[in-house]
Every structure is written in C-alpha cells, then in structure tokens.
There are 2 protein chains.
Amino acid sequence: MSKSIFYHAGCPVCISAEHDIIDLIGASNVEVIHLGEDKSKIAQAEQAGVKSVPSLVTSNGNVLHINFGASLADVKG
Amino acid sequence: MSKSIFYHAGCPVCISAEHDIIDLIGASNVEVIHLGEDKSKIAQAEQAGVKSVPSLVTSNGNVLHINFGASLADVKG
C-alpha cells in the first residue's frame, strides 16, 4: 500500500487529528506535511482536492477532511 | 486496542468515507453504526460528541468528523 498524506498547518485541531490518525493507521503508513512550514506544498495539496486542514489524502486519492482547523486560503495567508 | 466506532447514515459521502476508513484501519478495528437504520444509537453518538456524519470516534474518545454528509439533527429527522 502506498502512503496516505496528512496535510496540516500546526493548529491545535491539526495536531490532535495527527495524533489520532497516526494511532489509527500507523506512522509508517502516513506522510505528514506541514503546509505552514512548507508552503511550496500548498499547490500539491490543492491539486489533490484539499480544501482545509487537517486533511488526509488516501493512497487512492480520496480526500478526507477531518474536523476543521483552517481553510487552505487561510494557510496561504 | 479497543475498536473505533464509525457513525454514518447511508449517504454517499458516508459510504465513500466508510470504505476509506476500512481500507486505512481495517474492518476488524472499526465498528460501523448506521444511525439511519438504528436511531436508538443517536443518543450514544451525541454523547460521544458527534455533530455530523460520517464521524469516527476513536478508542480514546476523540471525534473525527470526516467530510460532511449530514448533521445529526438531519439524521434525527
């Protein structure tokens, strides 16, 4: 199975969801990308269909928006 | 690890998320509850903090609202 990608932006909602996702699916199965620290990845997230963070993009390309921390527009600043 | 509980109401968004969650964490690690078919479980979901479906309640009690299918109020009808 290829990895899922968890996009977040360091917000409290994001960190809490990150812990839950890693507990559920295992750290080795998920790549974590902090869009606040790596803004060059924002375009990649948008292209995947991410509208807000935290979000998990599964290995088959589905986007799971988990709770709501911030919109991608807010992350762009 | 005790099971997570996935609450849904049969909506397309719910079914899609259910498949993704089962792919990610395995069918044996998640109990699926269809609130549309088993309305007696709505109170239990509310008490766990579920505001909308689909939602995953982790074994440590955190609620992950995944995408948005319907509010719990709508499920109550």
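Note on naming: letters A, B, ... go to the chains in the order of the sequence lines (proteins, then strands), and numbering restarts at 1 for each one. No experiment lies behind these values; they were computed from the predicted model shown.
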Portion of B/Val13 that has a non-hydrogen atom of chain A nearer than 4.5 angstrom: neither
Flag side-chain contact, heavy atom, 4.5 Å: A/Asn60 against B/Asp20: yes
Sidechain-backbone polar pair: B/Asn62 side chain, B/Thr58 backbone, donor-acceptor under 3.5 Å: no
For B/Glu18, the option from B/Val30, B/Leu56, B/Val32 that meets side chain to side chain contact (heavy atoms under 4.5 Å, CB included): B/Val32
Residues of residues 65-77 of chain A with any heavy atom under 4.5 Å of a heavy atom in chain B: A/His65, A/Ile66, A/Asn67
Steps toward side chain to side chain contact (heavy atoms under 4.5 Å, CB included) verdict (A/Leu64, B/Leu64): CA-CA 10 Å; A/Leu64 302 176; B/Leu64 302 176; over 6 Å; no
A/Lys51 atom NZ, neighbour heavy-atom count above 12 within 6.0 Å: no
Rounded distance (nearest 0.5 Å) linking atom CD1 of A/Ile5 with atom CD of A/Gln44: 5.0 Å
